[in-house]
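Below is one structure; the comments refer to it alone.
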Amino acid sequence: MARFVIVGAGLAGAKAAQTLREEGFDGEVVLIGAEDERPYERPPLSKGYLLGKTEREKIFVHPPEWYADNAVDLRLDATVTGIDLEGHRVTLADGASQPYDKLLLATGASPRRLPGGGPVRYLRTVGDSEALKERFAQGGRVVIIGAGWIGLECAAAARTAGCEVTVVEPEPTALFKVMGAEVGGIFADLHRSHGVDLRFGVSAEEVTDDGVRLSTGELLPADLVLAGIGAAPNVEVAREAGLDVREGIVTDSALRTSHPDVYAAGDVAESYNPLYDRWLRVEHWANALNGGPAAARSMLGQEVVYDRVPYFYTDQFELGMEFSGDTHGYDEVFIKGKDLEFIAYWLRQGTVIAGMNVNIWDVVGDIQNLIRSGGPLQR
């Protein structure tokens with residue numbers, strides 16, 4: 001009987017296990033997760049769940065009984081420390097060894113850490129979210145380092161809870177690297193309008209018990225410091241095993257790694273996307289949601305070409321947004337609409353490569369079709 005092992009019990013891994021069963025695979029399915037919670041979705045951790053609007057049970061991918069009912073051997077609080085590619089087995093931290101016929105690596109990513117340490121919080125797990133929610137409810141002064149998606153969503157949650165919030169970001173505005181100055185400025189203005197103190201063009205030099213020392217020498221007093229400065233893919237085990245690793249685990253468009261029996265999906269995968277004709281590593285929810293099932297079908301020998309348009313969404317204060325595409329190499333931004341109801345397009349040589357709809361709904365399909373077609377934007 002064939003044995004498929006999935007390392008990483010997040011959304012990508014859980015959806016891969018589900019797809020294997022839905023596609024009729026009757027061999028063994030082993031799903032190994034480092035956390036002690038069954039697979040759950042991460043977007044609510046900085047959105048609805050952090051705000052107290054989403055019930056805990058709603059964040060999980062499957063009900064507790066689903067795994068036994070579908071003969072998925074779910075092993076939690078188990079960390080894979082090694083892969084023997086030739087021997088087709090993985091080693092766990094407790095010394096146990098698990099053989100496989102095919103292996104899927106869906107190990108996700110971990111928050112990038114501030115150099116120098118200090119009393120800093122990070123957000124990655126449900127436990128992190130619960131601790132932040134409890135702390136935000138107490139009010140006080142919150143300093144958030146990083147004006148990316150996690151930083152801004154947490155700033156909105158903290159401000160909504162009544163905290164005094166300051167965001168520190170070395171770039172000229174929010175979301176500058178991915179959105180540019182014009183669109184990033186819209187998000188910055190939104191936060192300012194809700195009383196968030198934004199400090200752009202400065203960096204956090206040191207975090208102490210008293211607060212955050214800035215590159216200007218100023219000390220920002222803080223009762224809580226949270227860093228949201230990106231995530232690093234968990235590639236260490238793959239690299240040590242000898243798989244091809246760049247920023248993420250390198251795969252082809254079928255999500256196969258450099259070893260024919262090993263696949264990768266989700267945050268950790270750096271996969272060739274024929275639509276963009278380059279390798280992409282996408283950290284967002286939709287990539288895990290769709291990449292896990294695609295990898296499962298590829299493991300089953302089905303023909304797979306994973307060429308999805310990247311997609312993610314955010315909710316901050318009264319702003320709801322969906323984003324499609326990849327802004328890499330854009331040379332123009334064109335905005336249709338005004339205030340907090342608009343569509344923004346990122347173009348390269350007149351061709352739409354990405355689009356964002358803000359408080360305008362049911363247009364994602366149109367935006368993605370425009371990206372796929374490679375046609376000009378009708379202005």
Side-chain angles (χ1 to χ4, degrees), residues 43-54 114 119-123 128-205 207-229 313-321 323 335 337-342 344 356 358-359:
L45 304 187
S46 59
K47 299 180 178 71
Y49 191 59
L50 183 59
L51 286 162
K53 296 179 178 179
T54 301
L114 286 172
V120 183
R121 304 279 189 100
Y122 298 88
L123 174 58
D128 295 335
S129 181
E130 289 169 348
L132 285 174
K133 179 166 53 176
E134 181 180 352
R135 187 62 189 80
F136 288 169
Q138 299 173 20
R141 301 162 298 182
V142 175
V143 174
I144 297 174
I145 301 170
W149 297 113
I150 292 295
L152 293 183
E153 289 177 353
C154 288
R159 192 73 189 103
T160 300
C163 299
E164 298 177 26
V165 180
T166 302
V167 176
V168 177
E169 169 58 59
E171 297 294 343
T173 192
L175 306 168
F176 181 75
K177 289 183 178 179
V178 290
M179 296 281 143
E182 186 173 6
V183 175
I186 294 171
F187 281 84
D189 288 344
L190 170 72
H191 280 257
R192 287 193 189 96
S193 73
H194 285 270
V196 177
D197 181 7
L198 300 174
R199 305 293 187 94
F200 295 128
V202 296
S203 58
E205 292 292 305
V207 179
T208 71
D209 291 335
D210 297 320
V212 178
R213 180 75 63 183
L214 301 181
S215 53
T216 59
E218 180 185 1
L219 177 67
L220 293 178
D223 302 302
L224 172 71
V225 179
L226 170 68
I229 55 174
Y313 68 97
T314 189
D315 297 304
Q316 300 172 34
F317 300 115
E318 68 272 25
L319 181 150
M321 182 222 75
F323 182 92
I335 298 177
K338 60 181 181 178
D339 300 326
L340 290 183
E341 192 169 308
F342 64 89
M356 179 180 80
V358 172
N359 293 338

- Task: Please list all pairs passing the salt bridge (charged side-chain N to carboxylate O under 4.0 Å, His left out) test where one or both residues lie in residues 141-164, with sequence neighbours left out.
- Result: Lys47-Glu153, Arg141-Asp223
- Message: Suppose the criterion is salt bridge (charged side-chain N to carboxylate O under 4.0 Å, His left out): which pairs have a residue in residues 209-220, not counting sequence neighbours?
- Response: Arg199-Glu218
Indicate the atoms forming the closest heavy-atom contact of [X] with [Y], along with that distance.
{"X": "Ala147", "Y": "Val167", "value": "CB-CG1, 3.9 Å"}
{"X": "Ala161", "Y": "Phe136", "value": "CB-O, 3.7 Å"}
{"X": "Val143", "Y": "Pro221", "value": "CG2-O, 4.0 Å"}
{"X": "Val120", "Y": "Ala227", "value": "CG1-CB, 3.7 Å"}

Please check this pair: side chain of [X] against backbone of [Y], looking for a donor-acceptor N/O pair closer than 3.5 Å.
{"X": "Asn359", "Y": "Gly320", "value": "yes"}
{"X": "Ser46", "Y": "Cys154", "value": "no"}
{"X": "Lys133", "Y": "Tyr49", "value": "yes"}

- Query: Tell me the ring pair (Phe, Tyr, Trp, His ring centres under 6.0 Å) pairs involving residues 165-189, sequence neighbours left out?
  - Reply: Trp149-Phe187
- Message: Would Leu340 and Ile186 count as a side-chain contact (heavy atoms from CB on, under 4.5 Å) here? Give the steps.
- Response: CA-CA 8 Å; Leu340 290 183; Ile186 294 171; 4.0 Å; yes
- Not counting sequence neighbours, which residues clear ring pair (Phe, Tyr, Trp, His ring centres under 6.0 Å) with Phe323? List them please. Phe312, Trp346
What distance separates [X] [atom1] from [Y] [atom2], expressed to the nearest 0.5 Å?
{"X": "Thr173", "Y": "Leu198", "atom1": "OG1", "atom2": "CG", "result": "7.5 Å"}
{"X": "Leu219", "Y": "Glu205", "atom1": "CG", "atom2": "CD", "result": "12.5 Å"}
{"X": "Leu50", "Y": "Leu132", "atom1": "CG", "atom2": "CG", "result": "6.0 Å"}
{"X": "Leu190", "Y": "Asp339", "atom1": "CG", "atom2": "CG", "result": "12.0 Å"}
{"X": "Ile144", "Y": "Leu224", "atom1": "CD1", "atom2": "CG", "result": "8.0 Å"}
{"X": "Leu175", "Y": "Met356", "atom1": "CG", "atom2": "CE", "result": "8.5 Å"}

- Query: Does the side-chain contact (heavy atoms from CB on, under 4.5 Å) test come out yes or no for Val225 and Leu220, once each step is laid out?
  - Reply: CA-CA 10 Å; Val225 179; Leu220 293 178; over 6 Å; no
- For Glu130, the salt bridge (charged side-chain N to carboxylate O under 4.0 Å, His left out) test, sequence neighbours excluded, returns Arg56
- Query: Which residues pass the side chain to side chain contact (heavy atoms under 4.5 Å, CB included) test with Thr160, sequence neighbours left out?
  - Reply: Leu51, Phe317
- All side chain to side chain contact (heavy atoms under 4.5 Å, CB included) counterparts of Ala204, not counting sequence neighbours: Ile145, Val212
- Under the side chain to side chain donor-acceptor pair (under 3.5 Å) rule, collect the residues that match up with Glu171, sequence neighbours excluded. none
- Apply side chain to side chain donor-acceptor pair (under 3.5 Å) to Asp128 and list each qualifying residue two or more places apart in sequence or on a separate chain. Thr125
- Does the pair Val183 and Ile335 meet the rule for a side-chain contact (heavy atoms from CB on, under 4.5 Å), with working shown? CA-CA 9 Å; Val183 175; Ile335 298 177; 4.3 Å; yes
- Item | Leu123 vs Ser129, side-chain contact (heavy atoms from CB on, under 4.5 Å): CA-CA, chis, key distance, verdict | CA-CA 6 Å; Leu123 174 58; Ser129 181; 3.9 Å; yes
- How would you list all residue pairs meeting side chain to side chain donor-acceptor pair (under 3.5 Å) that involve residues 186-196, not counting sequence neighbours? Asp189-Arg192, His191-Gln316, His194-Glu318
